[in-house]
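In what follows, a single structure is set out as structure tokens and then discussed.
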Number of protein chains: 4
Amino acid sequence: MRAGRPRDEGVRRAILVAAQELVLERGYAAVTMGDVAKRAGAGKQTLYRWWPGKGALVLDAFSEWVSQAPRLRGPRRPSLSSTLVELCRGASEAAPVLRALMAEAQFDEDLHRRLIAQLVRPRGDELRACLVDRRPADRELVVNVLSGLVWQRLMLNEPLDARFVRFALRVVERI
Amino acid sequence: MRAGRPRDEGVRRAILVAAQELVLERGYAAVTMGDVAKRAGAGKQTLYRWWPGKGALVLDAFSEWVSQAPRLRGPRRPSLSSTLVELCRGASEAAPVLRALMAEAQFDEDLHRRLIAQLVRPRGDELRACLVDRRPADRELVVNVLSGLVWQRLMLNEPLDARFVRFALRVVERI
Amino acid sequence: MRAGRPRDEGVRRAILVAAQELVLERGYAAVTMGDVAKRAGAGKQTLYRWWPGKGALVLDAFSEWVSQAPRLRGPRRPSLSSTLVELCRGASEAAPVLRALMAEAQFDEDLHRRLIAQLVRPRGDELRACLVDRRPADRELVVNVLSGLVWQRLMLNEPLDARFVRFALRVVERI
Amino acid sequence: MRAGRPRDEGVRRAILVAAQELVLERGYAAVTMGDVAKRAGAGKQTLYRWWPGKGALVLDAFSEWVSQAPRLRGPRRPSLSSTLVELCRGASEAAPVLRALMAEAQFDEDLHRRLIAQLVRPRGDELRACLVDRRPADRELVVNVLSGLVWQRLMLNEPLDARFVRFALRVVERI
DNA sequence: CAGTAATCGAGACGGTACGTCAGGTCTTTGA
DNA sequence: TCAAAGACCTGACGTACCGTCTCGATTACTG
């Protein structure tokens, strides 16, 4: 093992919790690294030791939050519609954070990569998994269209509600 | 006429030109209001008198730029494919600015409204105009899908090239 | 007479009144040329046409105010003590303005000259007039000492009250 | 010891030196906090962390300068005349700064207190120390008169030369 | 009585400094 | 070596006021 004092896992969790709370309270833009440090009872340096910036930190904070959410993990393959409903529910709740992260990622190459790896790709994979009985080319097509509709909806700040889900499913069944 | 010294049109144009040049040279994030003022030979206050911030200013600068671009204005209704090609060409050239503006708009309600009114809606309308022979419900569906695909492509920093256009058209003809 | 529209005397008075009121309401430092113009219903240019800056304007505004004050103008030569009392009363009332003007004059050569000509010298002359029966050398000495004591008192923001007058008179009778 | 990085004494000195140099080169009014920061290789925030504004900073810069000057510190009590000569020499050299500080203090209550505590009172005490063989009441009287004469001379921008010293001493011996 | 010249209110303009804020790094003490 | 605390440099922010300018409108005198 590496020499020196080991990383304090409690501190890491405190930081993520603080980041999450503050972002939910004030919104992403109104939270600073210093705020998070203070709330977590940590030093700013400790934040920067483990995360390159606010974006990556908040991304981690909400990755955990999302993965804690009860996802449908039955033995049977989930249907597209139930998956889409679940996905929209999550995206709707976390909409302000998702918007902010995607926005910040436009100015930060590294965050952009992380965001795609931790959020965009996994959601795409979930959808893809519901389409195993489609032709591979069609599969990509549908995944692209659905993901495009959802992200556009987020960035334009329009609701990801049941009406939208019906709309999206109507599109898919036409393809 | 209104009392007082009238707004100097030359200054307005100089500011927009300066903003455009600087954004193209250095990229949106690396340009400050002070830079634009200096390049335009204007005072910062003059910028803030007419625009609420960098986002709105750059949006105006590129709105004019876009509207100067030779758009297809034939007497006949343009085809969907040619419109999409043209739209992707424009979006591809201005991609860095579009990404930045959409990103900034996530943090700025006012800019969000302006962006939709000056960029998002007009492009949607162009597409819609090519679809007059579709059923109204289908029309909205197609416009949404295409616009979603394009914006997603922009935010994920993937190329809006000929291959993408073919892909998008394939989607549309299935609907 | 010179061609062109003649100076509007009403405007001049309105500006002086506005300056005076504003300075009394908010204090010298918190008043701007723009404020005075607005209150007077005048344009800023009109202010700058007739005064070089805030200092000179306020000086004029309070010169008139001071000269309106009922000064002892009897047929007989006024006594030193009554003159000093009167002078301290005036200085005490206008203390904030006097402090500000003298302060501003330290940064403005022109205002410095005006201040001496319109305020410092006249007050010295009033004192001098009470000392005609002293030897000329003594006279200057006393005037200098008294004026020094008063200005020091102003700049140090100490009260110019009856106690001070007694103190000053005690000094003088020793000389 | 207190936690956190301790104040960097070198930075503090660099700032004071920079302030002093710039004020001597350009004059108080032509120096900005930003100038001082740049010259000192410091951030503006660091200046504002330790001083509330330009006035307090320059006051500190010249307080140190004055205290470095070789003051008469003989075993014997210094004479009034030699003290006054020395005081006028210092005041004469630093006249522009003293005028500016006293002026600024008229607009800034906090600076006013600092100025009196760091400059006005100490000089008065030096004079008072030369007058221990006078009656207490006379002592205050003389100190007030001398200090009044000096400050008036400064504010009216008249020379504090040998002639003035003789004049002042003549006044005192009459009292 | 038209023409000239200066005034006036209004407010845009270039410029300069302000004081604040956040980002990210560095330097202590202490565990 | 990690951690908390907080000083530090950097650079942009948006505001305030300065003194000048450019309008249209007004008001005298001048030819």
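Lettering follows sequence order; numbering is per chain, from 1. Keep in mind that this is a model prediction, so the values were computed, not measured.
Following rounding to the nearest Å, K54(B) (NZ) and dC13(F) (P) show an atom-to-atom distance of 6 Å. To the nearest angstrom, C1' of dT7(E) lies 14 Å from CH2 of W51(C). The nearest whole Å value for the distance from the NZ atom in K44(D) to the C1' atom in dC21(E) is 11 Å. Rounded to whole Å, the distance from CD1 on I15(D) to C1' on dC9(F) is 11 Å. Look at OH on Y28(B): it is 14 Å from P on dA12(F), rounded to the nearest Å. Per the geometry, CZ belonging to R49(D) stands 13 Å off C1' belonging to dA22(E), to the nearest Å. Here dC18(E) presents its P atom at 13 Å from CG of D108(D), a figure rounded to the nearest Å. Nucleotide dC18(F) holds its P atom 7 Å from the CE atom of M33(C), rounded to whole Å.
The phosphate of dA7(F) has neither OP1 nor OP2 within less than 4.0 Å of any side-chain N or O from T46(D). Taking 4.0 angstrom as the limit, W50(B) places none of its side-chain polar atoms (N or O) nearer than this to OP1 or OP2 of dA12(E). Between dA6(E) and R7(C), no contact under 4.0 Å exists linking OP1 or OP2 to a side-chain N or O. Between T32(D) and the phosphate of dC18(E), there is a side-chain N or O to OP1/OP2 separation shorter than 4.0 Å.
Residues L24(D) and F62(D) meet the side-chain proximity criterion, which asks for heavy atoms closer than 4.5 Å. Taking the side chain as every heavy atom from C-beta outward, Q118(D) and L59(D) approach each other to under 4.5 Å.
Both cation-pi conditions hold for R7(B) and W50(B): the charged atom is under 6.0 angstrom from the six-membered ring centre and inside a 45 degree cone around its axis.
Contacts of A37(D) with the nucleic acid, taken as non-hydrogen atoms under 4.0 Å apart, are absent. If you check every strand for non-hydrogen atoms under 4.0 Å, G41(A) touches sugar and phosphate atoms only.
In terms of position along DNA chain E, the nucleotide closest to R12(C) lies nearer the 5' end than the nucleotide closest to the other residue of the pair V11(B) and R12(C). Heavy-atom distances to DNA chain E give each of E9(C) and G34(D) a nearest nucleotide, and the one nearer the 5′ end belongs to E9(C). Nearer to the 5' terminus of DNA chain F, by closest-nucleotide assignment, is the contact made by A30(C) (compared with the other of G4(C) and A30(C)). Where R5(B) and Y48(B) each meet DNA chain F at their nearest nucleotide, the meeting point lying more 5' is that of Y48(B).
The main-chain N or O of A37(B) is never found under 3.5 Å from a side-chain atom of K44(B) such that the two would form a donor-acceptor pair.
When all heavy atoms of A30(D) and D35(D) are compared, the pair lying nearest together is O-OD2, 3.8 Å.
Looking at Q45(A), its side chain has no donor and acceptor atom pair within 3.5 Å of the base of dA4(F).
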